[in-house]
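The chains referred to below are lettered A, B, ... by the order of the sequence lines, with proteins before strands, and numbering in each begins at 1.
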2 protein chains.
Amino acid sequence: MTQDAEPRLRILLGSSIAMGPGKADLLDAIGEAGSISGAARRMGMSYRRAWLLVETMNRSFKTPLVQAERGGRRGGGTSLTGAGREALRRYRAMEARAQKTLARDMEQFSKLLNPLSGD
Amino acid sequence: MTQDAEPRLRILLGSSIAMGPGKADLLDAIGEAGSISGAARRMGMSYRRAWLLVETMNRSFKTPLVQAERGGRRGGGTSLTGAGREALRRYRAMEARAQKTLARDMEQFSKLLNPLSGD
DNA sequence: ATCGGTTATATCCGTTTGAATATATCGCTT
DNA sequence: AAGCGATATATTCAAACGGATATAACCGAT
């Protein structure tokens with residue numbers, strides 16, 4: 001067994017990535033964890049990186065995808081906004097549609113690829 | 001008018017990008033220019049960068065996509081192999097198919113995006 | 001034999017990226 | 001008032017990235 005090739009979808013807005021596989025996963029994790037720090041922990045990334053990704057997303061969209069609160073019983077927390085849930089849902093739909101549409105092409109394309117070369 | 005969002009397709013093999021918009025453009029340029037250095041010039045990138053991209057591609061595929069020659073009347077040159085032309089053709093087809101399939105979704109998604117934020 | 005243009009490779013350097021750490025602020029809880 | 005856990009932000013440091021430059025090898029043309 002070797003890993004196989006994966007098609008990945010990114011939504012580029014100008015020079016910055018508004019949405020992509022990593023950011024979508026982060027949104028999922030924030031939704032589940034209820035905080036940026038919790039999401040970062042379970043994704044094995046630094047809080048700073050997670051916070052920067054969130055900042056990029058919030059700047060890329062009309063309405064912030066993520067809403068943070070400081071203090072409180074649990075020290076604060078972060079939740080997805082309505083726009084956040086919508087953007088995530090739509091991205092996942094596009095991702096799935098792309099995967100499905102390209103499945104046959106990917107089969108062919110994969111035959112050209114070097115099964116080794118994990119890099 | 002502001003720039004609008006663009007969906008981009010990458011083919012990931014392990015941790016390295018086997019094919020993507022930039023590499024596909026480079027293959028096109030090499031095909032037209034007949035050399036890595038010429039392609040780099042017309043794309044405004046350094047020879048080093050172009051050469052590294054070619055190296056990554058050649059490592060990612062079973063058969064090299066690009067064949068280089070040294071010396072000779074024109075000092076050498078680089079041409080696409082059969083595999084190179086095939087990979088490029090298939091990638092462009094996938095790209096186009098994805099664009100078409102996602103056009104409607106992108107319309108909706110774009111409504112969520114911040115028209116400013118060129119970064 | 002030298003020259004030209006290219007591939008191939010190494011080195012240097014500034015920029016960017018990202019982890020690690022530290023600090024301030026917030027607001028509930030005790 | 002002190003503690004806690006989280007956000008928000010700055011600073012420091014190492015690694016990765018990429019441009020610029022230099023050099024060697026190649027080989028036909030002159």
Side-chain angles (χ1 to χ4, degrees), chain A residues 10 12 14-18 20-23 25-60 64-81 84 117-119, chain B residues 8 10 12-18 20-23 25-60 63-81 84 118-119:
Chain A
R10 283 179 162 186
L12 224 67
S15 68
S16 65
I17 304 162
K23 291 197 175 71
D25 287 349
L26 179 59
L27 287 184
D28 270 329
I30 288 175
E32 291 169 17
S35 73
I36 293 177
S37 60
R41 269 194 299 275
R42 70 171 69 186
M43 291 186 66
M45 73 171 66
S46 66
Y47 171 81
R48 179 180 175 273
R49 174 155 171 67
W51 187 86
L52 287 175
L53 291 173
V54 165
E55 199 209 14
T56 297
M57 283 191 275
N58 280 347
R59 265 188 301 105
S60 297
L65 302 193
V66 138
Q67 194 173 23
E69 282 165 21
R70 296 207 289 188
R73 61 222 137 176
R74 289 185 169 165
T78 302
S79 55
L80 301 189
T81 63
S117 137
D119 278 15
Chain B
R8 303 192 118 203
R10 285 179 160 186
L12 223 69
L13 182 62
S15 68
S16 65
I17 304 162
K23 291 196 174 71
D25 287 348
L26 179 59
L27 287 183
D28 271 329
I30 288 175
E32 291 168 17
S35 73
I36 293 178
S37 60
R41 269 195 299 275
R42 71 170 70 184
M43 291 188 66
M45 73 170 68
S46 65
Y47 171 81
R48 178 180 177 272
R49 174 154 172 69
W51 187 86
L52 287 175
L53 291 173
V54 165
E55 199 209 14
T56 297
M57 283 191 276
N58 280 347
R59 265 188 300 103
S60 297
T63 305
L65 302 193
V66 139
Q67 193 172 25
E69 281 165 21
R70 296 206 289 190
R73 61 226 130 164
R74 290 186 170 164
T78 303
S79 56
L80 301 190
T81 63
D119 277 13

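Of all heavy-atom pairs spanning B:A40 and B:A50, the tightest one is CB-CB, 3.9 Å. In terms of heavy atoms, A:M57 sits closest to A:A18 at CG-O, 3.7 Å. Heavy-atom minimum distance, A:I30 versus A:V66: CD1-CG2, 4.2 Å. Heavy-atom minimum distance, A:A68 versus A:T78: CB-OG1, 3.8 Å. Closest heavy-atom contact between A:A29 and A:M43: CB-SD, 3.8 Å. Annotation for B:L26 and B:L53: closest pair CD2-CB, 3.7 Å, computed over non-hydrogen atoms.
If you measure from atom CG of B:L52 to atom P of D:dA16, you get 14 Å, rounded to the nearest angstrom. Across the protein-nucleic acid pair, A:R41 atom CZ and C:dA20 atom P stand 14 Å apart, rounded to whole Å. For the pair A:I17 CD1 and C:dT17 P, the computed distance is 10 Å after rounding to whole Å. Atom pair A:L53:CG and D:dT7:C1' shows a separation of 16 Å (rounding to whole Å applied). One atom, CZ of B:R49, and another, C1' of C:dT9, lie 18 Å apart when rounded to the nearest Å. As rounded to whole Å, 13 Å separates atom P of D:dA6 from atom CD1 of A:I30. If you measure from atom CD of A:E55 to atom C1' of D:dA10, you get 14 Å, rounded to the nearest angstrom. Note: CE (A:M45) to C1' (C:dT17) measures 14 Å, nearest angstrom.
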Could you run through nucleotides 10-16 of chain C and give me one letter per nucleotide, 5' to 3': B if any protein heavy atom sits under 4.0 Å from the base, S if only the sugar-phosphate is that close, - if neither? -B-----
Go along nucleotides 22-29 of chain C 5' to 3' and tag each nucleotide: B for a protein heavy atom under 4.0 Å from its base, S when only backbone or sugar atoms are that close, - otherwise. ---BBBSS
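Of the listed nucleotides (D:dT7, C:dT7, C:dA8), C:dA8 has the atom at the smallest distance from the side chain of B:W51.
More than 12 heavy atoms of other residues, nucleotides or ligands sit less than 6.0 Å from atom CZ of A:R42.
Between D:dG5 and A:S37, no contact under 4.0 Å exists linking OP1 or OP2 to a side-chain N or O. OP1 and OP2 of D:dG5 both lie 4.0 Å or more from every side-chain N or O belonging to A:S35.
Note on B:I36: only backbone sugar-phosphate atoms sit closer than 4.0 angstrom, heavy atoms only; bases stay farther off.
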